[in-house]
Amino acid sequence: MSQSSRRSLLTLGALTTLALIAAVTLTLFGREEPVSAAAPAAVPASAGNWGLSFQNEGQPPVGNASREELSQYNAYYLGNSAEKVIYLTFDCGYENGYTEQILDALKKHHAPAAFFVVGHMIEDAPDIVRRMAAEGHIVGNHTFHHPDMSAISDQAAFQKELDSLSALYRETTGQELPRFYRPPQGKYSEENLRQARDLGYTTVFWSLAYVDWYTDDQPTREQAFSKLLPRIHDGAIVLLHSTSRTNAEILDELLTRWEDMGYRFAPLTELPGA
């Protein structure tokens with residue numbers, strides 16, 4: 001095969017990979033309309049993406065694995081759905097200039113949250129991570145390198161991603177990292193859930209999120225509220241991204257409006273069985 005032919009094949013392969021990544025991202029996060037109301041499937045033995053079906057406004061969505069199926073692995077996507085309680089969580093891949101404003105809003109409302117961080121976030125913004133811990137928030141494990149953990153079947157390799165992040169957090173804060181784990185991009189498998197459980201972790205998915213992570217295409221205030229207000233529900237585990245300018249700008253008002261609806265904010269340690 002000629003050198004030019006080989007280059008063409010490599011280019012085609014790269015484009016195919018990018019297309020696949022885009023499709024996965026759209027399936028996992030970009031769906032803004034209710035999906036099929038089919039009954040939740042069993043926890044998949046192979047790799048899968050966490051997904052939700054919103055069927056009734058103000059009611060918890062249906063996950064692609066049920067609460068009962070997840071509970072055997074000490075995993076959750078929903079908290080106490082018999083109480084007007086919200087569990088706030090933020091994914092923190094890197095510092096984009098908005099986390100301290102988010103922390104200010106949480107402090108104003110005395111609202112505990114969980115920040116799922118990766119290695120880059122701790123290395124790049126250690127003072128902010130120390131502030132999270134000092135102000136009583138949970139700092140959770142989002143892995144060191146943010147890989148597709150569902151592609152890792154070896155227990156030692158899986159554990160290394162979590163242990164490396166935990167060690168860096170210990171060096172940075174002098175504290176032990178709380179054992180709450182969120183799979184990067186929501187990609188998981190039954191084996192992943194078992195691996196995390198056996199390491200003493202609680203796996204935390206979510207029951208409410210919206211498209212807030214494109215830093216150069218942020219939702220407007222109105223778009224954010226149109227997703228986050230009608231879909232809130234009792235026991236919601238809310239996923240937001242700390243890199244979002246919109247989240248930083250609306251969080252104070254958003255928390256106020258949820259409080260006006262009768263909700264309180266609880267830490268993940270109050271999850272049933274956590």
Side-chain angles (χ1 to χ4, degrees), residues 20-36 38 40-54 60-67 69-79 87-94 113-121 138 140-153 158 161-162 165 179-197 199 201-214 227-228 231 233 235-244 247 268 271 274:
L20 178 59
I21 292 170
V24 168
T25 301
L26 178 61
T27 298
L28 181 60
F29 294 115
R31 190 190 305 276
E32 297 195 13
E33 298 304 321
V35 297
S36 170
V43 175
S46 59
N49 297 322
W50 179 245
L52 298 167
S53 169
F54 283 88
V62 175
N64 59 7
S66 72
R67 297 175 71 175
E69 289 159 346
L70 291 173
S71 66
Q72 63 185 310
Y73 301 102
N74 199 27
Y76 298 86
Y77 82 96
L78 188 64
Y87 309 83
L88 298 168
T89 71
F90 294 85
D91 281 5
C92 307
Y94 59 97
F115 290 87
F116 287 94
V117 303
V118 300
H120 185 276
M121 179 68 185
I138 289 170
N141 201 321
H142 204 34
T143 74
F144 194 94
H145 295 103
H146 201 265
D148 174 1
M149 295 293 277
S150 69
I152 300 176
S153 58
F158 184 94
E161 273 295 329
L162 275 63
L165 193 283
R179 291 198 170 235
F180 290 93
Y181 160 64
R182 172 163 285 159
Q185 303 177 64
K187 293 184 177 181
Y188 74 104
S189 67
E190 183 180 15
E191 182 60 26
N192 289 162
L193 297 176
R194 184 181 296 109
Q195 289 166 328
R197 180 199 63 192
L199 291 171
Y201 280 88
T202 297
T203 298
V204 183
F205 293 105
W206 58 89
S207 64
L208 178 60
Y210 80 118
V211 182
D212 63 348
W213 63 91
Y214 292 122
K227 300 299 180 185
L228 296 171
R231 289 184 176 180
H233 49 272
I237 297 177
V238 178
L239 163 61
L240 301 171
H241 286 80
S242 65
T243 53
S244 166
N247 288 342
L268 294 181
L271 286 173

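The shown structure was predicted, so the numbers you read here are calculated from the model rather than taken from an experiment.
- The shortest distance between side-chain heavy atoms of H233 and P61 falls below 4.5 Å.
- The main-chain N or O of D148 is never found under 3.5 Å from a side-chain atom of Q185 such that the two would form a donor-acceptor pair.
- Looking at Y181 and L193, their side chains never come closer than 4.5 Å, going by heavy atoms from C-beta outward.
- Nearest heavy-atom pair across G63 and Y77 is N-OH, 3.4 Å.
- The two residues G119 and L165 come nearest to each other via the heavy atoms N-CD2, 3.3 Å.
- In terms of modelled atom types and a separation under 3.5 Å, the side chain of R179 and the main chain of L199 share a donor-acceptor contact.
- With a 4.5 Å cut-off on side-chain heavy atoms, Q195 and I152 do not count as touching.
- Between W50 and F205, the angle of the ring planes stays under 30°, which puts this pair in the parallel group of the 30/60° scheme.
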For F116 and L239, run side chain to side chain contact (heavy atoms under 4.5 Å, CB included): C-alpha distance rounded to whole Å, both residues' side-chain angles, the deciding distance at 0.1 Å, then the answer. CA-CA 10 Å; F116 287 94; L239 163 61; over 6 Å; no
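- Atoms CH2 and CG, from W206 and L78 in turn, are 14.0 Å apart once rounded to the nearest 0.5 Å.
- You'll find the side chain of M149 stays beyond 4.5 Å of the side chain of P183, heavy atoms only.
- Looking at N74, its side chain never comes within 3.5 Å of a backbone N or O of R197 through a donor-acceptor pair.
- For the pair C92 and S242, the minimum side-chain heavy-atom distance is below 4.5 Å.
- Rounded to the nearest 0.5 Å, atoms OH (Y210) and NE2 (H241) are 10.5 Å apart.
- From L271, atom CG reaches atom OG1 of T202 across 7.5 Å, with rounding to the nearest 0.5 Å.
- Using modelled atom types, no side-chain atom of D212 and backbone atom of L240 make a donor-acceptor pair closer than 3.5 Å.
- Taking 4.5 Å as the limit, some side-chain heavy atom of Y73 sits within range of a side-chain heavy atom of R194.
- Contact detail for R231 and L208: the closest heavy-atom pair is CB-CD1, 3.6 Å.
- The backbone N or O of L162 lies less than 3.5 Å from no partner atom in the side chain of T143, so there is not a single donor-acceptor pair.
- A side-chain donor-acceptor contact under 3.5 Å links N192 to the backbone of S150.
- Within the 4.5 Å cutoff, the side chain of V204 has heavy atoms near those of the I237 side chain.
- Under the 6.0 Å cut-off for aromatic ring centres, Y87 and Y76 do not qualify, their centroids lying 6.0 Å or more apart.
- Remark: side-chain polar atoms of S244 are not paired, donor with acceptor, to backbone N or O of W213 under 3.5 angstrom.
- A donor-acceptor pair under 3.5 Å is absent between the side-chain atoms of H142 and the main chain of G140, judged by distance alone.
- Judged purely by atom type and a 3.5 angstrom limit, Q72 uses its side chain to pair as donor or acceptor with the backbone of E69.
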